[in-house]
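Notes for the one structure printed next.
Everything numeric in this text was worked out from a predicted model, so none of it was measured. Here is how names work: the chains are called A, B, and so on, in the same order as the sequence lines, proteins then strands, and each is numbered from 1.
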Protein chains: 2
Amino acid sequence: MEKQMTTKEKIIFESLKLFSEKGYEGVSMREIASAVGIKGASIYNHFKGKEEIFNAIFEEMKSRYDGFATSMHIPVEQDDTTTEIYLNIDEEMLLKYTENLLGFLVKEEFPVMFRKLLVGEQHRSPIAAEMLKQYYFDGPILFQKQLFESLQKKGVFKGYDAGIMALHFYSPIYYIICKLDLGASYEEYLQTIKSHVHGFYMLYVK
Amino acid sequence: MEKQMTTKEKIIFESLKLFSEKGYEGVSMREIASAVGIKGASIYNHFKGKEEIFNAIFEEMKSRYDGFATSMHIPVEQDDTTTEIYLNIDEEMLLKYTENLLGFLVKEEFPVMFRKLLVGEQHRSPIAAEMLKQYYFDGPILFQKQLFESLQKKGVFKGYDAGIMALHFYSPIYYIICKLDLGASYEEYLQTIKSHVHGFYMLYVK
DNA sequence: CCTACCGATCGGTAGG
DNA sequence: CCTACCGATCGGTAGG
């Protein structure tokens, strides 16, 4: 946890930490206050209630994700154009893309905690379900599908169903993310990631 | 919900239903009692407390899974032998295996509710995390890895890393299970499953 | 940002 | 399987 945070930022950060460990319902306002270093009633000077903290966490994550996506040249809003950069992709670059993605998603504590919150609340909170779907299911598959389609048009990849290719490429990554959240070590899976990307490239490239 | 259940069975069933929808912490003993049709205090004639209901749900699922695994000729305890049956596998049989697995995991309500409970409680309950890991991560990967190794020895499959093959085969199935839990329809994904199994078979069979 | 307090609900018990 | 009740804790408010 960084220094120099305002009380409001501290509340967001500590709430996310507690929610990700104990679930939204399992955390009391007094517990959040105690983690921040104030009394329970004082939280209400910054937020109207518990749900507003929940929403603020989502807004904070959206903002962080947008920054990351921009730096990775991944479109945030879905349009039909795949960024130029990815069209000259080779195996090394595909691996680099994967490692950067995982670097953000599993090595930075905010995204890790946020994902644990999303996963834990998906069957109670429609907004959590929608965000999980967008960030970890439909979003990556759509981006990669469009990428592979472009690479097929360029003649780099073989002419399989691009949707299935995206599923073959992305789903092992999602599986590994879930395993890391279950306590596996990144180092343990580094070789698996490399082998997966290598295998994918060998099978599909012309 | 079947008729002719004892009160104890009703408590297990209705608790699982409520836990899967609202989380363990989000459900009160009075809520469970009301769903069963009795008063809150009466539950304590069948269970010592809330946690004992939680544990009973796990025992019930274990028993149901053992029955399913036996019928599928999937080893419940991990040993080194792959059942004879699977060694003469072809694409049709591989698809049948996948459809049977999904039929149990996503079409029967008890496994569906139980998985939602596991996923939702994995970061709070070590026993939920362990069971999720065994049922949905390490278990299927180990079984399939051994299967593909056997098929490689028989000369049916090409000589890729069997662990990566298992990851390529299983992780799209897990991805689809999660999407179905998020509200997608089975029919919508039937074609994807077929294409995935077909693609896998084409890529890896000799 | 605090103390003091509200009504509601929690898991669980006593006793029949 | 019930009514009646326990102490503890919940989200939130009043007022300073």
Side-chain angles (χ1 to χ4, degrees), chain A residues 1-60 113 117 120-121 123-128, chain B residues 1-60 113 117 120-121 123-128:
Chain A
M1 177 178 162
E2 303 107 56
K3 292 276 167 198
Q4 310 286 40
M5 289 172 111
T6 65
T7 301
K8 190 161 185 171
E9 288 167 339
K10 274 188 201 164
I11 293 171
I12 292 175
F13 184 88
E14 296 296 339
S15 295
L16 174 54
K17 197 169 181 175
L18 287 163
F19 288 161
S20 72
E21 289 164 0
K22 312 173 77 171
Y24 179 77
E25 294 258 20
V27 178
S28 71
M29 294 300 267
R30 286 158 181 82
E31 223 173 332
I32 295 167
S34 169
V36 171
I38 56 179
K39 295 292 173 186
S42 301
I43 294 189
Y44 293 90
N45 289 301
H46 302 279
F47 295 95
K48 279 184 187 169
K50 204 178 175 184
E51 205 178 303
E52 205 176 275
I53 301 178
F54 187 77
N55 293 331
I57 290 171
F58 276 68
E59 290 311 312
E60 175 64 25
M113 295 189 301
L117 172 59
E121 301 298 327
H123 302 117
R124 270 152 271 171
S125 157
I127 153 175
Chain B
M1 178 179 162
E2 303 107 55
K3 292 277 166 195
Q4 310 285 38
M5 289 173 109
T6 64
T7 301
K8 189 161 185 171
E9 287 167 340
K10 275 188 202 164
I11 293 171
I12 292 176
F13 184 87
E14 295 296 338
S15 295
L16 174 54
K17 197 168 179 175
L18 288 163
F19 288 162
S20 72
E21 288 163 1
K22 312 171 77 171
Y24 179 76
E25 295 257 18
V27 177
S28 71
M29 294 299 268
R30 286 157 182 83
E31 223 173 334
I32 295 167
S34 168
V36 171
I38 55 179
K39 294 293 172 185
S42 301
I43 294 189
Y44 293 90
N45 289 302
H46 302 280
F47 296 95
K48 279 184 187 169
K50 204 177 174 184
E51 205 178 303
E52 205 176 276
I53 302 178
F54 187 77
N55 293 331
I57 289 171
F58 276 67
E59 291 310 312
E60 175 63 26
M113 294 188 302
L117 172 60
E121 300 298 328
H123 303 116
R124 270 152 270 170
S125 157
I127 153 175

Open item on the list: Within this structure, what is the NZ-OG distance for the pair Lys39(B) and Ser34(B), rounded to the nearest 0.5 Å?
Closed with: 8.0 Å

Task: Distance (rounded to the nearest 0.5 Å) between Lys10(A) NZ and Gln4(A) CD - done: 9.5 Å

- [ ] Using atom CG of Asn45(A) as one end and atom P of dC1(C) as the other, report the distance to the nearest whole Å.
- [x] 7 Å

TODO: Would you classify Val36(B) as touching base, sugar-phosphate or nothing, given that sugar-phosphate means primed atoms plus P, OP1 and OP2, and contacts are heavy atoms under 4.0 Å?
DONE: nothing

TODO: Would you kindly give the CD1-to-P distance between Ile53(A) and dC10(D), to the nearest whole Å?
DONE: 14 Å

- [ ] Return one dot-bracket line describing DNA chain D 5' to 3' (Watson-Crick or G-U wobble pairs, both distances under 3.5 Å; ( ) same strand, [ ] crossing, | another strand, . none).
- [x] ||||||||||||||||

TODO: Could you tell me the separation between the CG atom of Leu18(B) and the CD1 atom of Ile53(B), rounded to the nearest 0.5 Å?
DONE: 10.5 Å

TODO: May I have the distance from Met29(A) (atom CE) to dG12(D) (atom P), rounded to whole angstrom?
DONE: 6 Å

Open item on the list: For a quick test of reading the model: is some side-chain N or O of Lys39(B) closer than 4.0 Å to OP1 or OP2 of dC1(D)?
Closed with: no

Open item on the list: Without decimals, in angstroms, what is the distance between Glu51(A) CD and dC10(D) P?
Closed with: 19 Å

TODO: Could you tell me the separation between the CZ atom of Phe47(B) and the P atom of dG11(C), rounded to a whole number of Å?
DONE: 15 Å

Open item on the list: Ring-plane angle category for Phe54(A) and Tyr24(A), please: parallel below 30°, perpendicular beyond 60°, tilted otherwise.
Closed with: perpendicular

- [ ] State whether the number of non-hydrogen atoms from other residues, nucleotides or ligands found under 6.0 Å of Glu52(A) atom CD is greater than 12.
- [x] yes

- [ ] Can you tell me the distance, in whole Å, between the NE2 atom of His46(B) and the C1' atom of dC2(D)?
- [x] 12 Å

Open item on the list: What's the separation between atom OG in Ser15(A) and atom CE in Met29(A), rounded to the nearest 0.5 Å?
Closed with: 7.5 Å

Open item on the list: What is the distance, to the nearest angstrom, from the CD1 atom on Ile11(B) to the P atom on dG12(C)?
Closed with: 13 Å

Open item on the list: Do Phe19(A) and Met113(A) have side chains that approach each other closer than 4.5 Å (heavy atoms only, starting at C-beta)?
Closed with: no

Open item on the list: Could you measure the distance from the CZ atom of Phe58(A) to the CD1 atom of Ile12(A)? Nearest 0.5 Å is fine.
Closed with: 12.5 Å

Task: Separation of Glu25(A) CD from Arg124(B) CZ (nearest 0.5 Å) - done: 9.5 Å

TODO: Would you kindly give the OH-to-P distance between Tyr44(A) and dG11(D), to the nearest whole Å?
DONE: 6 Å

Identify all pairs in which a protein N or O lies below 3.5 Å from an N or O of nucleotides 4-9 of chain C, and state each distance.
none

